[in-house]
Amino acid sequence: MTEPILTYLGTIYPWHCDHMGHMNVMWYVGKFDEATWQFFANFGLHSSRLKQEGIGLVAVEQRIEYKRELVAGDVISIRSAFHEVREKAALFSHEMINQQTQEVAARTFLTGVCIDLATRRARALPADIRERIASATI
(Lines give C-alpha, C1' and ligand atoms only; values in the text may rest on other atoms or scores of the structure.)
Protein backbone atom coordinates (compact mmCIF):
# COMPACT_ATOMS: atom_id res chain seq x y z
CA MET A 1 0.00 0.00 0.00
CA THR A 2 1.36 3.41 -1.03
CA GLU A 3 0.73 6.69 0.74
CA PRO A 4 -0.76 9.65 -1.19
CA ILE A 5 1.85 12.01 -2.63
CA LEU A 6 2.09 15.78 -2.47
CA THR A 7 1.02 17.26 -5.82
CA TYR A 8 0.15 20.89 -5.03
CA LEU A 9 1.01 23.70 -2.61
CA GLY A 10 -0.70 27.06 -2.81
CA THR A 11 -2.53 29.94 -1.21
CA ILE A 12 -6.11 31.13 -1.48
CA TYR A 13 -6.19 34.71 -2.78
CA PRO A 14 -9.09 37.19 -2.59
CA TRP A 15 -9.88 36.71 -6.31
CA HIS A 16 -10.53 33.02 -5.61
CA CYS A 17 -13.40 34.01 -3.32
CA ASP A 18 -17.01 34.69 -4.23
CA HIS A 19 -19.59 37.10 -2.79
CA MET A 20 -20.04 34.77 0.21
CA GLY A 21 -16.38 35.23 1.16
CA HIS A 22 -15.14 31.70 0.56
CA MET A 23 -13.29 30.06 -2.31
CA ASN A 24 -15.62 29.56 -5.26
CA VAL A 25 -16.14 26.04 -6.61
CA MET A 26 -14.47 26.85 -9.93
CA TRP A 27 -11.13 27.30 -8.14
CA TYR A 28 -11.32 23.92 -6.42
CA VAL A 29 -11.58 22.28 -9.84
CA GLY A 30 -8.68 24.38 -11.15
CA LYS A 31 -6.39 23.53 -8.25
CA PHE A 32 -7.31 19.85 -8.50
CA ASP A 33 -6.52 20.01 -12.23
CA GLU A 34 -3.05 21.43 -11.53
CA ALA A 35 -2.49 18.60 -9.05
CA THR A 36 -3.56 16.07 -11.69
CA TRP A 37 -0.86 17.11 -14.15
CA GLN A 38 1.78 17.10 -11.42
CA PHE A 39 0.53 13.67 -10.32
CA PHE A 40 0.71 12.06 -13.75
CA ALA A 41 4.11 13.63 -14.42
CA ASN A 42 5.39 11.90 -11.27
CA PHE A 43 4.56 8.60 -12.98
CA GLY A 44 6.22 9.46 -16.30
CA LEU A 45 3.34 11.06 -18.20
CA HIS A 46 4.76 14.56 -18.54
CA SER A 47 3.86 16.93 -21.37
CA SER A 48 6.83 16.06 -23.59
CA ARG A 49 6.00 12.36 -23.51
CA LEU A 50 2.33 13.05 -24.24
CA LYS A 51 3.30 15.17 -27.25
CA GLN A 52 5.96 12.73 -28.46
CA GLU A 53 3.57 9.75 -28.36
CA GLY A 54 0.48 11.65 -29.52
CA ILE A 55 -1.53 10.74 -26.46
CA GLY A 56 -3.68 12.72 -24.09
CA LEU A 57 -5.49 12.30 -20.81
CA VAL A 58 -9.12 13.23 -20.37
CA ALA A 59 -11.36 13.21 -17.33
CA VAL A 60 -14.55 11.30 -18.00
CA GLU A 61 -15.97 11.41 -14.48
CA GLN A 62 -15.39 13.60 -11.44
CA ARG A 63 -17.09 13.75 -8.06
CA ILE A 64 -16.24 16.44 -5.48
CA GLU A 65 -16.91 16.52 -1.75
CA TYR A 66 -16.72 19.96 -0.12
CA LYS A 67 -15.87 19.52 3.58
CA ARG A 68 -14.67 22.87 4.98
CA GLU A 69 -14.65 26.43 3.71
CA LEU A 70 -11.44 28.04 2.51
CA VAL A 71 -10.95 31.81 2.64
CA ALA A 72 -8.39 34.31 1.41
CA GLY A 73 -5.06 33.73 3.11
CA ASP A 74 -5.53 30.01 3.71
CA VAL A 75 -2.53 27.92 2.66
CA ILE A 76 -3.38 24.55 1.17
CA SER A 77 -1.80 21.34 -0.02
CA ILE A 78 -3.17 18.58 -2.20
CA ARG A 79 -2.21 14.94 -1.85
CA SER A 80 -3.09 12.46 -4.56
CA ALA A 81 -3.43 8.70 -4.84
CA PHE A 82 -4.28 6.10 -7.46
CA HIS A 83 -7.02 3.64 -6.54
CA GLU A 84 -7.19 1.51 -9.69
CA VAL A 85 -5.58 1.23 -13.09
CA ARG A 86 -7.14 -0.42 -16.11
CA GLU A 87 -5.90 -0.89 -19.66
CA LYS A 88 -7.12 2.55 -20.80
CA ALA A 89 -8.11 4.29 -17.56
CA ALA A 90 -6.95 5.23 -14.08
CA LEU A 91 -9.09 6.01 -11.04
CA PHE A 92 -7.54 8.45 -8.60
CA SER A 93 -8.32 11.00 -5.91
CA HIS A 94 -7.06 14.30 -4.58
CA GLU A 95 -7.44 15.56 -1.04
CA MET A 96 -7.17 19.33 -0.40
CA ILE A 97 -5.89 20.13 3.10
CA ASN A 98 -5.94 23.42 5.00
CA GLN A 99 -2.31 23.56 6.15
CA GLN A 100 -3.04 25.54 9.32
CA THR A 101 -5.85 23.35 10.65
CA GLN A 102 -4.87 20.11 8.88
CA GLU A 103 -8.56 19.64 8.05
CA VAL A 104 -9.69 18.21 4.73
CA ALA A 105 -11.31 21.09 2.84
CA ALA A 106 -12.31 19.07 -0.23
CA ARG A 107 -11.83 15.71 -1.86
CA THR A 108 -12.32 14.69 -5.48
CA PHE A 109 -12.48 11.32 -7.20
CA LEU A 110 -11.71 11.12 -10.91
CA THR A 111 -11.64 8.64 -13.75
CA GLY A 112 -9.08 9.57 -16.38
CA VAL A 113 -8.86 7.92 -19.78
CA CYS A 114 -5.89 7.81 -22.15
CA ILE A 115 -6.74 8.90 -25.71
CA ASP A 116 -5.06 8.96 -29.09
CA LEU A 117 -4.88 12.66 -29.99
CA ALA A 118 -5.26 12.01 -33.73
CA THR A 119 -8.38 9.85 -33.51
CA ARG A 120 -9.73 11.26 -30.21
CA ARG A 121 -10.53 7.67 -29.18
CA ALA A 122 -9.55 5.78 -26.05
CA ARG A 123 -6.32 3.83 -26.27
CA ALA A 124 -4.22 1.78 -23.89
CA LEU A 125 -2.06 3.59 -21.38
CA PRO A 126 1.61 2.92 -22.09
CA ALA A 127 2.56 -0.38 -20.41
CA ASP A 128 5.35 1.15 -18.30
CA ILE A 129 2.95 3.80 -16.97
CA ARG A 130 0.31 1.17 -16.11
CA GLU A 131 2.99 -0.77 -14.22
CA ARG A 132 4.13 2.32 -12.28
CA ILE A 133 0.54 3.23 -11.39
CA ALA A 134 -0.29 -0.36 -10.40
CA SER A 135 2.68 -0.42 -8.02
CA ALA A 136 1.46 2.80 -6.38
CA THR A 137 -2.24 1.96 -6.09
CA ILE A 138 -3.65 2.19 -2.58
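Side-chain atoms of H46 and L50, non-hydrogen and from C-beta on, never get closer than 4.5 Å to each other. No side-chain heavy atom of V104 sits less than 4.5 Å from a side-chain heavy atom of N98. No side-chain heavy atom of V58 sits under 4.5 Å from any side-chain heavy atom of C114. The side-chain heavy atoms of E95 and S80, taken from C-beta on, include no pair separated by under 4.5 Å.
Not a single donor-acceptor pair under 3.5 Å links the side chain of R123 to the backbone N or O of I115.
Here the OG1-NZ distance, from T36 to K31, works out to 13.5 Å after rounding to the nearest 0.5 Å. To the nearest 0.5 Å, atom CZ of residue R120 and atom CG of residue L117 are 5.5 Å apart. Expressed to the nearest 0.5 Å, how far CG of D33 lies from CD of Q38 amounts to 12.0 Å. The structure places CG of L45 at 7.0 Å from CG of L125, a figure rounded to the nearest 0.5 Å. Atoms CD1 and CZ, on I129 and F43 in that order, are 9.5 Å from each other to the nearest 0.5 Å.
For the residue pair C17 and A72, the shortest heavy atom distance occurs at SG-N, 3.6 Å. Summarising the geometry of I12 relative to V71, their closest heavy-atom pair is CB-O, 3.4 Å, with the distance given to 0.1 Å. Contact between L9 and S77 at its shortest, heavy atoms only, is CD2-CB, 3.7 Å. What you find for Y28 and M23 is that their closest heavy atoms are CE1-O, 3.4 Å. Contact detail for W37 and L57: the closest heavy-atom pair is CZ3-CD1, 3.9 Å. Closest heavy-atom contact between T108 and Q62: OG1-NE2, 3.1 Å.
For Y8 and F39, the distance between ring centers is not under 6.0 angstrom. In this structure, F109 has its ring center no closer than 6.0 Å to that of F92.
Shown here are the ring pair (Phe, Tyr, Trp, His ring centres under 6.0 Å) partners of F32, two or more places apart in sequence or in another chain: H94. Remark: E84 engages R86 in a side-chain hydrogen bond (donor to acceptor under 3.5 Å, both in side chains) (not counting sequence neighbours). Residues satisfying the salt bridge (charged side-chain N to carboxylate O under 4.0 Å, His left out) criterion with E103, sequence neighbours excluded, are R68.
Side-chain heavy atoms closer than 4.5 Å link hydrophobic residues (I, L, V, M, F, W, Y) into clusters, and following such links, possibly through other members, connects I64 to L70. Residues F40 and I5 share a hydrophobic cluster, clusters being chains of Ile/Leu/Val/Met/Phe/Trp/Tyr side chains in contact below 4.5 Å. Put simply, I76 and Y66 are part of the same group of oily side chains (I, L, V, M, F, W, Y) that touch within less than 4.5 Å, one to the next. I78 and L110 fall into different hydrophobic clusters, where Ile, Leu, Val, Met, Phe, Trp and Tyr are joined by side-chain heavy atoms under 4.5 Å apart, directly or via other members. Connection of V29 to Y13 is established within a shared hydrophobic cluster, with ILVMFWY side chains joined at heavy-atom distances below 4.5 Å, either directly or through further cluster members.
For Q102, the CD atom sits in a packed shell: over 12 heavy atoms of surrounding residues, nucleotides or ligands are nearer than 6.0 Å.
Salt bridge annotation for K88-D116: absent, with no cationic side-chain nitrogen under 4.0 angstrom from a carboxylate oxygen. Taking a cutoff of 4.0 Å between a charged side-chain nitrogen and a carboxylate oxygen, K67 and E65 qualify as a salt bridge.
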